[in-house]
2 protein chains.
Amino acid sequence: MWERGYEAVSPRDLLDESGAGQGSLYHHFKGKLTWRQWLFGEVSDEMCEFARETVGMDGSALDRVFRYLDVSRDGLKGCRMGRFAAESSIAEASLRKPVERYFRELQRILAGVFREAQADGEIAKRLDANELALMLITVVQGGFVVSRVYRDRNAINRATETAKSLLKSLPTR
Amino acid sequence: MWERGYEAVSPRDLLDESGAGQGSLYHHFKGKLTWRQWLFGEVSDEMCEFARETVGMDGSALDRVFRYLDVSRDGLKGCRMGRFAAESSIAEASLRKPVERYFRELQRILAGVFREAQADGEIAKRLDANELALMLITVVQGGFVVSRVYRDRNAINRATETAKSLLKSLPTR
DNA sequence: GTCTATAACGTGATAGAC
DNA sequence: GTCTATCACGTTATAGAC
């Protein structure tokens, strides 16, 4: 599902792979939609937690931002939340909300660390911390897109590396 | 199709909307696949041409890069090529190739302008022009992703604006 | 070259035995 | 709580009249 997209995975695929029979899914969930609502909630929580752990508390603020960028990503797979954005079912609010929750939380975390970096004189204060955080998120999400198009699992890692270079090259005020 | 994704559009949708009957599509194309191969080729060419026109020849090199970033984008729609990356049919080479062709050409154009900017002393020479171009493309593509997740058609434009700020803040050597 | 009708298949969902 | 069998529907594709 991570690789093919949520819409491309049918309940039958899931049941075949798990070895369960047709009816089992419908005992635990009302249908495909409620199953995906549950799944998105789980994945969203998990990824928020992972983001918090990655950024962590130790090291300089800028190093903590770099730690997020340095996560090794397989560009041929995709972000388990972001890859969902292109699918038409993003229109369904109950499916979009957990995705949005993850991105908002990620942006909040990164913006906080940027503000620390600014307070510590690592990054110029005239740049907006919220907007910087948003841009980093777009580099990662766009990195997945370009990796898949180029069939190059490392294109995304080169993009985050360039973002690091830019941040490092920035004057501190 | 631009808004819902290629996979979500059936031949019937197309024929209903265009007012043509069921069989007409299959007179002109072998099937849905060959139709999309043709379509992707057309869109790819069109977007390459648009990129060349946008960057253009007049103005300073850095201004020409900014002109690409300044294109007003509706984040709720999506890139007519990039949005396809998340779909599972990207695995089909005949569909992926035109998409890749557009991205490679775009990266080539932007990298060329970055090299000019470096020659003119607008951008530090130690940054890799190819990698900078790649990163800008990821900002745009990721901008579409975040815009759709946030339901905010301007999130993408804020991201490209931040990328401009970063490039402007950079020391020239 | 376009139309209507329809085939063949896969999907999401349900029924009812165990 | 899980299983097999099956339904109703939408999809891609084809047949054959006009």
Side-chain angles (χ1 to χ4, degrees), chain A residues 1-44 77-100 148-149, chain B residues 1-44 77-100 148-149:
Chain A
M1 202 184 278
W2 190 356
E3 289 170 42
R4 291 165 50 193
Y6 292 92
E7 284 177 5
V9 176
S10 69
R12 194 158 308 200
D13 291 330
L14 170 71
L15 297 166
D16 284 355
E17 196 131 344
S18 71
Q22 287 298 342
S24 303
L25 175 70
Y26 297 93
H27 177 73
H28 298 283
F29 300 98
K30 228 183 92 192
K32 192 185 183 184
L33 179 62
T34 52
W35 165 56
R36 297 204 331 184
Q37 286 168 348
W38 169 82
L39 187 63
F40 277 42
E42 294 285 301
V43 173
S44 178
K77 291 190 173 160
C79 172
R80 278 182 296 168
M81 294 274 90
R83 65 159 301 125
F84 174 63
E87 302 193 346
S88 54
S89 41
I90 192 82
E92 173 66 36
S94 61
L95 293 175
R96 188 180 57 81
K97 278 290 160 58
V99 182
E100 178 170 7
R148 284 174 68 99
V149 171
Chain B
M1 200 185 281
W2 191 353
E3 288 170 42
R4 291 165 50 193
Y6 293 92
E7 284 176 4
V9 175
S10 69
R12 192 159 310 198
D13 292 329
L14 169 70
L15 297 167
D16 284 355
E17 197 132 343
S18 69
Q22 287 297 341
S24 302
L25 175 71
Y26 297 94
H27 176 73
H28 299 282
F29 300 99
K30 227 183 92 192
K32 192 184 183 186
L33 178 62
T34 51
W35 165 55
R36 299 204 331 183
Q37 287 168 346
W38 169 81
L39 188 62
F40 277 41
E42 295 284 304
V43 173
S44 179
K77 291 190 173 160
C79 172
R80 278 182 296 168
M81 294 276 89
R83 65 159 301 125
F84 174 63
E87 300 193 347
S88 55
S89 41
I90 192 82
E92 173 67 38
S94 61
L95 293 176
R96 189 180 59 80
K97 278 288 159 62
V99 181
E100 179 170 6
R148 284 174 67 97
V149 170

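Convention: sequence-line order gives letters A, B, ...; per-chain numbering from 1.
Ring pair B/Trp38/B/Phe29 is tilted by interplanar angle, where 30° to 60° counts as tilted.
Applying the side-chain hydrogen bond (donor to acceptor under 3.5 Å, both in side chains) criterion to A/Ser94, with sequence neighbours excluded, gives A/Gln37, A/Glu92.
Across residues 27-36 of chain B, B/His27, B/His28 each have a non-hydrogen atom less than 4.0 Å from an atom of DNA chain C (numbered order).
Side-chain contact between B/Arg80 and B/Phe40 is absent, with no heavy atoms from C-beta onward closer than 4.5 Å. Annotation: side chain of A/Glu7 is in contact with side chain of A/Arg36 (closest heavy-atom distance under 4.5 Å). A/Arg4 has its side chain within reach of A/Asp13: a pair of non-hydrogen atoms, C-beta onward, lies under 4.5 Å apart. Side-chain contact between B/Glu17 and B/Met1: absent, with no pair of heavy atoms (C-beta onward) separated by less than 4.5 Å. Looking at B/Val149 and A/Met81, their side chains never come closer than 4.5 Å, going by heavy atoms from C-beta outward.
If you measure from atom CG of B/Leu14 to atom C1' of D/dT11, you get 14 Å, rounded to the nearest angstrom. Put simply, CD on A/Glu7 is 15 Å from C1' on D/dG10, counting in whole angstrom units.
The main-chain N or O of A/Lys30 is found under 3.5 Å from a side-chain atom of A/Thr34 such that the two form a donor-acceptor pair.
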Between the protein and nucleotides 3-5 of chain C, are there any N/O to N/O pairs under 3.5 Å, and if so, what are the atom names and distances?
| unit_1 | atom_1 | unit_2 | atom_2 | d |
| --- | --- | --- | --- | --- |
| C/dC3 | OP2 | B/Gly21 | N | 2.5 |
| C/dC3 | OP2 | B/Ser24 | OG | 2.9 |
| C/dT4 | O4 | B/Gly23 | N | 3.4 |

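A sub-4.0 Å separation between OP1 or OP2 of D/dT14 and a side-chain N or O of B/Tyr26 is absent.
For A/Arg12 against C/dG10, no side-chain N or O and base N or O form a donor-acceptor pair under 3.5 Å.
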